[in-house]
Amino acid sequence: MWFTEYWTQNVGITIKAKEIKRIKSKYQEILVLDTYEFGKVLVLDGLIQTTEKDEFMYHEMLVHPALVSHPNPERVLIIGGGDGGSVKEALKHKSVKEVHLCEIDEEVIITSEKYFPEISSKLRDPKVKIFIEDGNKFLDEEESKNYYDVIIIDSSDPVSESEVLFQEQFYKKVRNSLRENGIMIAQTESPILQQEYFKKAVKNIKKVFKYTQVYVGSVPSYPSGTWSYTIASDYIDFLKIKPDLSKFENLNTKYFSDKLYSCLFSIPEFVKKLISEV
Ligand code: SPD
C-alpha cells in the first residue's frame, strides 16, 4: 500500500508501506507507517513528522546549534517534539540539568514510545519532565518566566493547533521565558516549497529578537528535502561567537559537526534573498 503526503497542490512524496496503523487522538489522526525505504514513519494529520531513516538530520540540526552556541545551557524547554527526538539530542550535552517537554497531544508520546523506541528512548530520563499542555499557554505561566537557557520549537507545520507557534505574540512569550544568554531555535519550514510560511516565521522572529540567523539542512522526507531553522537571541550574536571545541565532543552525531557549525550561516543566495524580502 502507498501513502502520499501532498506538499503542495502539485507535488508530494509517495512512500510504499508494508503496514499502516491508524490512531485517532483528541487533536489529530496519527499514522504509523512501516515502510520499505524510511523505516517507521510518524504522520500527524497527513504530514510526515519523523522517520527512522532521516530523523537525525532534523533533530541534530534543530538542537545542537543552539546548545553549542549557549555558554552553559542547563535548562532546556522543548515545545512540541512529543516523539522524543529533540529530547534525545538535548540530553547529549553534559551541562544540561533539566529538559522540559511541552507536548499538547499525549497520544503522540504514547505512540512514539510504542513504535519508535529508539527515538523516544530518553523521554523517561530523570532529567526530563513532561507537560501535556498547549505550548502557547504553558509560556503564560509565571514559573516559565525568565527560566530557560534554550527553548526549542519543534512544532509541526503552521496549521490548526500549531499555527500560533509561528506568531509574533508567541515569540514574545518565548523571549520572556529565556534568562540571560537565552537562545530560541525554531523549525521554520521549507524555503523552497513553503516560502510564505518561512518568510512569515522569520519576519515575526526578527521583530522580537535582537540577533536572528537562518540556516538550512537536508531532511529528505520533508517538503522539498531542504529545511530551514531560525535561531534567535537578545544576547548572543551568532556571527561573532566561536564555541569551544569541547562542546562538540561526544555528541555522537551523524549529521552535525564542528566543521558544519563553522559554516552554518553560509546559506544559499536564494534563501538570503527571501529573508531580505521579509
Ligand atoms: N512538515 C513536517 C515538519 C515537521 C517538523 N517537526 C517535526 C517534529 C519531529 N520531532
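Whatever order the structure lists ligands and atoms in, that order sets their numbers, starting from 1.
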**Prompt:** In order of chain and number, which residues sit within 4.0 Å of ligand 1 by heavy atom?
**Reply:** Ile48, Gln49, Thr50, Tyr58, His59, Asp83, Asp154, Ser155, Asp157, Gln187, Tyr222, Pro223, Trp227
**Message:** With a 4.5 Å cut-off on side-chain heavy atoms, are Lys206 and Ile275 touching?
**Reply:** yes
**Asked** Do Gln28 and Asp105 pass the side-chain hydrogen bond (donor to acceptor under 3.5 Å, both in side chains) test, and can you show the C-alpha distance, the side-chain angles, and the key distance before you say yes or no?
**Response** CA-CA 8 Å; Gln28 55 207 337; Asp105 190 348; 2.8 Å; yes
**Prompt:** In terms of side-chain geometry, is the basic nitrogen of Glu29 or Arg22 positioned less than 4.0 Å from the acidic oxygen of its partner?
**Reply:** yes
**Complete:** Applying salt bridge (Lys or Arg N to Asp or Glu O under 4.0 Å) to Arg124 and not counting sequence neighbours gives Glu113
**Prompt:** salt bridge (Lys or Arg N to Asp or Glu O under 4.0 Å) with Glu74: which residues, sequence neighbours excluded?
**Reply:** Lys97, Arg179
N/O donor to acceptor pairs below 3.5 angstrom from side-chain atoms of residues 130-143, sequence neighbours left out:
residue, atom, partner, partner atom, Å
Asp134, OD1, Asn136, N, 2.8
Asn136, OD1, Lys173, NZ, 3.0
Asp140, OD1, Lys173, NZ, 3.0
Asp140, OD2, Lys173, NZ, 3.4

